[in-house]
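Counting starts at 1 for both ligands and their atoms, following the listed order.
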Amino acid sequence: MNRITHWIDGKRTKPGKGPAGPVYNPATGKQASEVEFASVAVVDQAVASALKAFPAWRATSLSRRAEIMFKFRELLNARKADVAAHLTAEHGKVPSDALGELARGIENVEFACGAPNLLKGGFSEQAAGGVDVYSIRQPLGVVAGITPFNFPAMVPLWMLSNAIVCGNAFVLKPSEKDPSAAMLLAELLAEAGLPAGIFTVVNGDRTAVDRLIEHPDVMALSFVGSTPIAKSIYERGTAKGKRVQALGGAKNHMVVLPDADIGMAADAVVGAAYGSAGERCMAISVVAAVGKAADPLVAAVKERIAKLKVGPGSDPQSEMGPLITREHRDKVASYLESGPKEGATLVVDGRKDKASQNGGFFLGPSLLDHLKPTMAAYKDEIFGPILGIVRVDTYEEAVKLVNSNPFANGVAIFTRDGGAARRFQFDIQVGMVGINVPIPVPVSYYSFGGWKASLFGDLHMYGPDGIQFYTRAKVVTSRWPDPATSKVDLGFPQNR
Ligand code: NAD
């Protein structure tokens, strides 16, 4: 059995004898390899290597750091088929989706290439007589990232690009369900010229995460995953005095107003609900269909679902792949039992899709109409290919529904009325808003983050907030000796 180890000190570690977990090919349901789970000692070794490498990296010129990012970008583009193949093999996403994920990750590397500009400080000449004041941003030291299974390349790239270019040493703990993409990123960073110790991968489970939270030399934690773990990591990390940004789960709504182009809304929601088998934190899982939009929208979605091809990524015809594990698939499918029991209408039952009959972790696209906010299929983050339709009478009711939800990651509105869209952007209490755009993941030069239970921390991820997160500010007040103006003055310094 192939054993995936760790990346410490610029190389893969030798296989150990400690605990390991299975890595499956979700399209076949068979175990493909095993991944080593880092012990406390392994995490300590990784952090020690990062800490040793940090001072020289911090002192490396901005242009050299940016040059390595440029080279990394070139290598990612040259090897994108290999990265995507890892995503398909271990996550199950179809190749077009895997390449899309990678492209959105590469955007963050491109953003990081501009770090010399982003790290410029302010300068005030003559703030007082002969005194200049200026601000600089400096790296934190060793910083860690803990990432989820659903974007095994993109979410690590959200974090590592800015962390590294800002001069930090970054330790990644990827998801134990699909760790190979992170190991390939490590190889490419080394090939790009990154010194050993500046990018580290510790594979593993809770033991590794707990040690990163506890470790006194880890200055900051970036987390992306489910809400209960995000909240716990935020609380424990900040209690240890660390800087923490912890992004959690989601329940993203699409509001469809009666004036919307129903065909366009249906195309958009089918892509946003079933792409990546619904395992996206920005997936649309609920439509709030307003008034007379509901009937034609449900009919249009049903018609499109019938044409979707579910299957393994190895089949070029496949548009939607499997879920990540058998347990997760079964949990998702359980909402197709509970929903109708609570009064929802099961319009399309994905358990009947023929892909669900093979050994992989497949579940076909499913549609639940007449969903109510009291039902489990509405309240829970399902994270699978089930779309729910909540029928509401008015725009106000739709906004109230969205604003009452504890999650607030993404939201979309479909309408042809510019005034309604503008009012929605003002009224809605959600971090990322799409106007006739179903998955409004911000481009890399903005920042990504939800509100409420979808994000714990003050700064969003990547973009300008990422640069802020991975650096701390210093302000220097300076005067150079000028004997002509020198005198003893015991008063409090004033700006004269
Ligand atoms: P998860 O919370 O189970 O795992 C995320 C990471 O935390 C993994 O590296 C995992 O090994 C680690 N982990 C798991 N249990 C832990 C514990 N008890 N203590 C410490 N660490 C632990 O999430 P997942 O299933 O990998 O990913 C899906 C979730 O991530 C969904 O809730 C999804 O909405 C969310 N997500 C959010 C965003 C966002 O930007 N807000 C992006 C992607 C995914």
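- Between Asp210 and Arg236, at least one side-chain nitrogen of the basic residue sits less than 4.0 Å from a carboxylate oxygen of the acidic one, meeting the salt-bridge criterion.
- Using a 4.0 Å heavy-atom criterion, the residues that approach ligand 1 are Ile146, Thr147, Pro148, Phe149, Asn150, Trp158, Lys173, Pro174, Ser175, Glu176, Arg206, Val209, Phe223, Val224, Gly225, Ser226, Ile229, Leu247, Gly248, Gly249, Ala250, Cys281, Glu381, Phe383, Asn409, Phe448.
- The residues Arg104 and Glu107 are annotated as salt-bridged, a charged nitrogen and a carboxylate oxygen being separated by less than 4.0 angstrom.
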Full working for salt bridge (Lys or Arg N to Asp or Glu O under 4.0 Å) between Glu381 and Lys251: CA-CA 6 Å; Glu381 181 188 32; Lys251 192 81 186 179; over 6 Å; no
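- Contact check on Asp97 versus Arg280 returns a salt bridge, with a Lys/Arg side-chain nitrogen under 4.0 Å from an Asp/Glu carboxylate oxygen.
- Aromatic ring centres of Phe407 and His253: separated by at least 6.0 Å.
- Applying the side chain to side chain donor-acceptor pair (under 3.5 Å) test to every pair with at least one member in residues 448-470, sequence neighbours left out, gives these pairs: Ser222-Tyr470.
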